[in-house]
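Take a look at the structure set out below.
Within every chain, numbering begins at 1; the chains are lettered A, B, ... in the order of the sequence lines, protein sequences first and strands thereafter.
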2 protein chains.
Amino acid sequence: MPKKVDHDARRRELTDAVCRITLRAGLGSATFRQVAAEAGVSVNQVQYYFGTKEGLLEATQEHVGERSIERLMSWIEATDGSARAVLGAFLKSFVPVDEESRMAMLMYVALYTEGVVEAMGDPSANPTRKTEVEMMYATVLEQLQRGPLQKDVDAEAEATLLTALGPGVGLYVLDGTMTAESAYATVDHHLDRLFVT
Amino acid sequence: MPKKVDHDARRRELTDAVCRITLRAGLGSATFRQVAAEAGVSVNQVQYYFGTKEGLLEATQEHVGERSIERLMSWIEATDGSARAVLGAFLKSFVPVDEESRMAMLMYVALYTEGVVEAMGDPSANPTRKTEVEMMYATVLEQLQRGPLQKDVDAEAEATLLTALGPGVGLYVLDGTMTAESAYATVDHHLDRLFVT
DNA sequence: CGGTTTCTCATACAGACGTACTATAACAGC
DNA sequence: GCTGTTATAGTACGTCTGTATGAGAAACCG
């Protein structure tokens, strides 16, 4: 086996190029040629590592997802481990505050449409995201049940709301209609109401 | 002035074609040729009424926004006019339940990215959406202040949360990770907590 | 050291893209 | 009825797209 090359690393460099281009000029500008130029390689290398464009975009989505989870984990590790703090970290990880998180949120939205359209044609396709969100919901619910909660809080209903709140504020912060501070304040205010301090 | 033609109506037919194509195959498939074929007219007619592709997409976004507002108004008119009911209608209008609302939500997301990327390059550009959301927030706040609210409710903080909740649940329902019933229940549950019944 | 596999590049291709251009049909006003 | 504006269609152009192909460099195995 000649010329060992770290395929995963190479692929990641290329999907990173996709993200940078998308951030700068939109997903429509992420063509094979543009991606190759951005990464400083030949067009064929993109073909070689992904085969087709669909493969490139799928890998990009996957990598962005992994990055987001990593970022979430580092947020959680920075807390004291209380349910309240973990949920706060979870929700705040959706808020785009720096270049990286802004990129993650943008890629999420940019790739979202294609997934939805695809899923409409074939509802059985792409179960990844569905289970992903189900895991999100389960995690939120689990943390809520750790408590201590206020008396009249319905954990399951609140879990649904919190799961939707993350992307909701994320979108508004991304397009500049809400400041990150306001998003944080909203999250904190709501959690304050749920938990006994 | 020869051959009077209702320009607005013609333009709307064409932007409707854009929406149908996007729903079926994604925004990337909404090319001049495809749009012309979908509407049953010549390619040049699309050029004639919008000039450039950017013009076509801008008009599409505008039309979709108008449709959404119309739908929201009809939702509100079906209520008893109480603050609680109006807010419920407002939030539920984001939930895609039929072909039309699903299309509206999808178009919203599909066109969102380009707006964000554009706004990043020139933050002063595209103030439409910003004021749009500010109006949304103002409306929600206004309704909240009509009350009657529970004792310890911070109207401004809740207004921010509710404004983010609409698109949040809308996204999840659109991609099938949440049922419309669940979204409705979440909205109702939260409003129940805010208002004195 | 030769051979095989892995990698990289450059180029070619057919098709689709947005747009410009020209010509023709339809109506309004004199 | 003629004239000029408006609307529509058809087509051509240059560019860019994703992908296929062939040729060459690099490294491991025997």
Exercise. Measure the angle between the two terminal helix axes of the helix from C:dC7-D:dG24 to C:dC30-D:dG1, five base pairs each, and quote it to 10°.
Key: 0°
I need the [atom1]-[atom2] distance between [X] and [N], as an integer number of Å.
X: A:Asn44; N: C:dA10; atom1: CG; atom2: P; answer: 10 Å
X: B:Gln34; N: D:dT17; atom1: CD; atom2: P; answer: 19 Å
X: B:Tyr48; N: D:dT6; atom1: OH; atom2: P; answer: 7 Å
X: B:Lys53; N: D:dT17; atom1: NZ; atom2: P; answer: 13 Å

It should be established whether [X] places a side-chain nitrogen or oxygen under 4.0 Å from OP1 or OP2 of nucleotide [N].
X: B:His7; N: D:dA7; value: yes
X: A:Thr31; N: D:dT17; value: yes
X: B:Arg10; N: D:dA7; value: no
X: B:Gln45; N: D:dA7; value: no
X: B:Thr52; N: C:dG18; value: no

Quiz item: Touch check for B:Tyr49, heavy atoms < 4.0 angstrom, all strands: base, sugar-phosphate only, or nothing?
Solution: sugar-phosphate
Quiz item: According to the interplanar angle, ranging from 0 to 90°, do the rings of B:Trp75 and B:Tyr184 count as parallel (below 30°), tilted (30 to 60°) or perpendicular (above 60°)?
Solution: perpendicular
